[in-house]
Every structure is written in structure tokens, then in C-alpha cells.
Amino acid sequence: HYVQTMLKLYVLMARLSLAIAIPLAIASPFLIEALFGNEYTESAAILRVHIWTATAVFLGVASSLYLTNEGLQKLSLYRTLIGLAVNIFLNFLLIPLYGAMGAAIATLISYFIATFSVFITPLGAEQGRLMLRAMNPKIILGLKAI
């Protein structure tokens, strides 16, 4: 029952994050122009990349509940440190090449790596598999039972 409840939570978080990310990715040029004016329209492309970090953040928050409940706070710390190291490395690599877009790409990649670094332990790996299952498009769309 506990595993099924966690899967339902991950599916809910995936759905919520996509409900935010998809409209923002589509509307980003209009939103940026309306809020900041024409001179900032190029930043819409950065928002389009950066908004997808929401999925990793939402799943990461949900999995943090599991890690806390199971006394795996060290794993939570390790995955945060892994994400930090990856983000610093990728920023160092990508910002000189791509500027702000490089920073957005680095952040996106590092958030997903941090979230899914739960695979480094067997108990965490079970949650990683559940998060991956929750991201199945058929489950997200309600075409397949949870």
C-alpha cells in the first residue's frame, strides 16, 4: 500500500509539473513580452528550457518525503551534493559557450541527475523506478492504470 501511495504521489507531481511546464513553455514568448517588453523576448527561449526543471523539482520534493520517512536523510544530502557538483561543472562548461542558455541547460540536467541519483542505494532505487514509472506518458494521461 505504501509503495502504491508513493507511486500515486509521483504521478500527481508529474502531472502538476507538466500542467505548469507545458503552458509556460508555449506561452513564454508572449509572457516575457507582456511582462518585460520586446527587449527581453530572447529570454523566452531560456524560460522554455528552465521551466522543465519543475518536473525534477516536484519529483524530488515528493521523494524527499520518502527519504525522510525511511531515515535516509544522508541519501538526500548526497543527491543534493551530486546535483551541486554537476551544476557547477556544467555551468563552468556551458556558460562560456552558450551564456544564459548554458546555465539553464546546466540547471535542467543537474536537477534531473540530483533527483534520480536516488539510484545509488537499493532503497532509493525502488523510488527511482517509481518516479520513472510515474513519468510514463500513458499513466500521466490516464490511459494506463497506476
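Residue numbers count from 1 along this sequence.
Shown here for Ala106 and Leu90, the closest heavy-atom pair between the two residues is CB-CB, 3.5 Å. Met135 approaches Thr55 most closely through the heavy-atom pair CE-CG2, 4.4 Å. The minimum heavy-atom distance between Ala25 and Arg48, with the atom names listed, is O-NE, 2.8 Å. Residues Ala134 and Ile140 approach most closely at O-CG1, 3.3 Å, considering heavy atoms.
Between the side chains of Tyr78 and Gln73, no donor N or O sits under 3.5 Å from an acceptor N or O. In summary, the side chains of Thr121 and Arg79 do not present any donor paired with an acceptor at a separation below 3.5 Å, with no hydrogens or angles considered.
Of the inter-residue distances, the one linking Leu108 atom CG with Ile105 atom CD1 reads 8.0 Å to the nearest 0.5 angstrom. Taking CG of Leu67 as the reference point, atom CG of Leu75 lies at 5.0 Å (rounded to 0.5 Å). Note that CD1 of Ile146 and OG1 of Thr5 are 10.5 Å apart. Values are rounded to the nearest 0.5 Å. With rounding to the nearest 0.5 angstrom, the OH atom of Tyr10 is 8.0 Å from the CG atom of Leu65. Expressed to the nearest 0.5 Å, how far CD1 of Ile109 lies from CZ of Phe112 amounts to 10.5 Å. Here the straight-line distance linking atom CD1 of Ile51 with atom CD1 of Ile46 works out to 13.5 Å at 0.5 Å rounding.
The other members of the hydrophobic cluster of Ile88, by chain and number, are Leu77, Leu81, Leu84 (side-chain heavy atoms under 4.5 Å, ILVMFWY only).
No donor-acceptor distance shorter than 3.5 angstrom exists from the side chain of Asn87 to the backbone of Gly83, with no hydrogens or angles considered. Here the side chain of Thr115 pairs a donor or acceptor atom with the backbone of Ala56 at under 3.5 angstrom.
Shown here are the side chain to side chain contact (heavy atoms under 4.5 Å, CB included) partners of Leu123, two or more places apart in sequence or in another chain: Tyr66, Leu72. Scanning for side chain to side chain contact (heavy atoms under 4.5 Å, CB included) contacts around Tyr40 gives Ile32, Phe36, Ser43, with sequence neighbours left out. Listed by chain and number, the residues in a side chain to side chain contact (heavy atoms under 4.5 Å, CB included) with Glu42 amount to none (sequence neighbours excluded). Listed by chain and residue number, Met13, Leu16, Ser17, Ile20, Ala54 satisfy the side chain to side chain contact (heavy atoms under 4.5 Å, CB included) test with Phe58 (two or more places apart in sequence, or in another chain).
There is no path of hydrophobic side-chain contacts, each under 4.5 Å, that joins Leu93 to Ile95. Hydrophobic clustering (side-chain heavy atoms under 4.5 Å, transitive across Ile, Leu, Val, Met, Phe, Trp, Tyr) groups Tyr2 together with Leu12. Connection of Leu97 to Phe89 is established within a shared hydrophobic cluster, with ILVMFWY side chains joined at heavy-atom distances below 4.5 Å, either directly or through further cluster members. Under the 4.5 Å side-chain heavy-atom criterion for grouping Ile, Leu, Val, Met, Phe, Trp and Tyr, Trp52 is connected to Met101 within one hydrophobic cluster.
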Carefully, step by step, assess Val3 and Leu7 under the rule side chain to side chain contact (heavy atoms under 4.5 Å, CB included). CA-CA 6 Å; Val3 170; Leu7 178 58; 5.7 Å; no

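Heavy-atom contacts from other residues, nucleotides or ligands closer than 6.0 Å to OH of Tyr111 number 12 or fewer.
Judged as a side chain to side chain donor-acceptor pair (under 3.5 Å), not a single pair has a partner in residues 131-144 (not counting sequence neighbours).
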